[in-house]
Amino acid sequence: MFRLVSTASDEWFTLPQIADMLGVNPSTVRHWVNTGRLSAEKRGRRWLVERADLDTIMAQRRRRAGRSSLIEPPAEPGEERKGLSMADSIDLSSDT
């Protein structure tokens with residue numbers, strides 16, 4: 001699916017390839033390059049990112065995803081939790 005651009009023994013990726021791999025808009029990857037969050041080199045008309053730099057940003061995204069998927073901490077004593085619990089389940093079977 002992805003075609004690697006190789007120079008010497010290093011692997012290089014184009015910005016559209018990175019966007020596709022990470023599931024983000026290509027303009028997001030360009031923004032990362034423009035703001036210095038992602039290191040890239042311009043070769044001809046293409047911006048290329050070395051695998052090591054791609055691995056770094058992928059690790060950052062994994063860490064952020066891990067933080068956002070943490071389970072919500074329990075409520076403080078006396079604090080009411082919002083949302084439904086299993087005890088709040090409604091019997092949807094039809095008796096009529």
Side-chain angles (χ1 to χ4, degrees):
M1 177 186 236
F2 303 112
R3 204 179 71 194
L4 300 179
V5 178
S6 294
T7 57
S9 63
D10 299 328
E11 291 180 301
W12 296 82
F13 299 89
T14 65
L15 301 188
Q17 287 173 326
I18 293 169
D20 199 29
M21 283 187 266
L22 298 178
V24 299
N25 194 297
S27 63
T28 300
V29 180
R30 281 192 300 276
H31 175 73
W32 292 342
V33 170
N34 292 335
T35 60
R37 182 173 173 198
L38 179 62
S39 180
E41 292 182 23
K42 188 155 188 172
R43 297 206 182 150
R45 296 181 63 159
R46 291 184 178 190
W47 283 97
L48 298 176
V49 176
E50 196 170 11
R51 173 170 286 287
D53 295 318
L54 175 60
D55 290 343
T56 299
I57 201 154
M58 289 175 76
Q60 290 171 353
R61 288 178 54 84
R62 279 193 297 272
R63 281 194 299 273
R64 284 193 183 114
R67 280 196 298 255
S68 65
S69 65
L70 294 177
I71 297 173
E72 185 179 329
E76 295 292 322
E79 182 181 325
E80 204 172 303
R81 298 214 37 169
K82 295 181 181 176
L84 297 175
S85 70
M86 290 303 287
D88 297 324
S89 298
I90 300 171
D91 183 9
L92 298 176
S93 60
S94 177
D95 291 335
T96 57

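Distance check: Glu41 CD to Asp53 CG gives 8.5 Å after rounding to the nearest 0.5 Å. How far CG of Leu48 is from CD of Glu11: 12.5 Å, rounded to the nearest 0.5 Å. Note that CH2 of Trp47 and CG of Asn34 are 7.5 Å apart. Values are rounded to the nearest 0.5 Å. For the atom pair Leu22 CG and Ile57 CD1, the distance stands at 7.0 Å (nearest 0.5 Å).
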Side chain to side chain contact (heavy atoms under 4.5 Å, CB included) evaluation trace for Glu50 with Leu54: CA-CA 6 Å; Glu50 196 170 11; Leu54 175 60; over 6 Å; no
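With contacts defined as side-chain heavy-atom distances shorter than 4.5 Å, the pair Pro26/Leu15 does not qualify. Annotation: side chain of Val24 is in contact with side chain of Arg61 (closest heavy-atom distance under 4.5 Å). Proximity of Thr56 to Gln60: side-chain heavy atoms (C-beta onward) are separated by under 4.5 Å at one or more points. The shortest side-chain heavy-atom distance between Phe13 and Arg51 falls under the 4.5 Å cut-off.
Both tests hold for Arg43 against Trp12: distance to the six-membered ring centre under 6.0 Å, angle to the ring axis within 45°.
For Ala59, the side-chain contact (heavy atoms from CB on, under 4.5 Å) test picks out Arg62, Arg63, with sequence neighbours left out.
Within the structure, the side-chain hydrogen bond (donor to acceptor under 3.5 Å, both in side chains) test picks out the following pairs touching residues 22-33 (sequence neighbours left out): Asn25-Ser27.
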